[in-house]
Asker: 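Okay, handing you the structure first.
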Amino acid sequence: EYMGDFSLSMDRQNPNNNSWSYDAQYRPPVQSRPSCMTQAKYGAMMGGLVGVAFGFIFGGISAIRGRIPVAQAIKTVGATSIASGVTMGVFMSIGAFARCDPEANSEDACHPAGSHESATSIQ
């Protein structure tokens, strides 16, 4: 994206003035939003981590309440953590993908028409 010509020039009219000025108007860069697939990936990671945490908690509680041997408890907690992590990850990625707006990544969505004008201008 073009951001202007940033060649520096010194004030040639007054040699005692050491101030530098830009030849073009500075436009700050526009921050773009992540793509839909990136948002779905972030949703899957977040949901997976939350699901693993809840699976660990609930699997541990069920292992303690069932008073099962340690080897069996480790398998139970692991299986519960993996199953709930995958389930939450899938649902969170679907939710993030459903909320994604592919039109928000275009330049018109970042700079709607008339956004540079003041809303309270007197005509």
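Bear in mind that the values here come from a model prediction, so they are computed numbers and not experimental data. Quick note: numbers below take in every heavy atom, side chains included, and nothing from hydrogens, waters or symmetry partners.
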Asker: Is Ile57 reachable from Leu49 through a run of I, L, V, M, F, W or Y residues, each pair having side-chain heavy atoms under 4.5 Å apart?
Answerer: no

Asker: Nearest 0.5 Å, what's the NZ-OG distance between Lys41 and Ser35?
Answerer: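 Those atoms lie 8.0 Å apart.
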
Asker: Side-chain contact, heavy-atom cut-off 4.5 Å: Phe56 with Thr80?
Answerer: no

Asker: If Ile, Leu, Val, Met, Phe, Trp and Tyr residues are connected whenever their side-chain heavy atoms lie under 4.5 Å apart, and connections chain through other members, are Met88 and Phe54 in the same group?
Answerer: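 They do share one cluster, since a chain of ILVMFWY contacts under 4.5 Å joins Met88 to Phe54.
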
Asker: Between CZ of Arg99 and CD1 of Ile94, what distance do you get to the nearest 0.5 Å?
Answerer: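 Taking CZ in Arg99 and CD1 in Ile94, the distance rounds to 15.0 Å.
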
Asker: Are any side-chain N or O atoms of Ser81 and backbone N or O atoms of Val77, one a donor and one an acceptor, separated by less than 3.5 Å?
Answerer: yes

Asker: Is Met37 close to Phe97 at the side-chain level, that is, under 4.5 Å between some pair of heavy atoms?
Answerer: yes

Asker: Do Gln39 and Arg33 have side chains that approach each other closer than 4.5 Å (heavy atoms only, starting at C-beta)?
Answerer: yes

Asker: Can a side-chain donor-acceptor contact be found between Thr87 and Ser84 if the only test is distance below 3.5 angstrom?
Answerer: no

Asker: Within the 4.5 Å heavy-atom criterion, are Ser62 and Thr76 side-chain neighbours or not?
Answerer: yes

Asker: Do you know which two heavy atoms are closest between Ala40 and Ser93, and how far apart they sit?
Answerer: O-CB, 3.3 Å

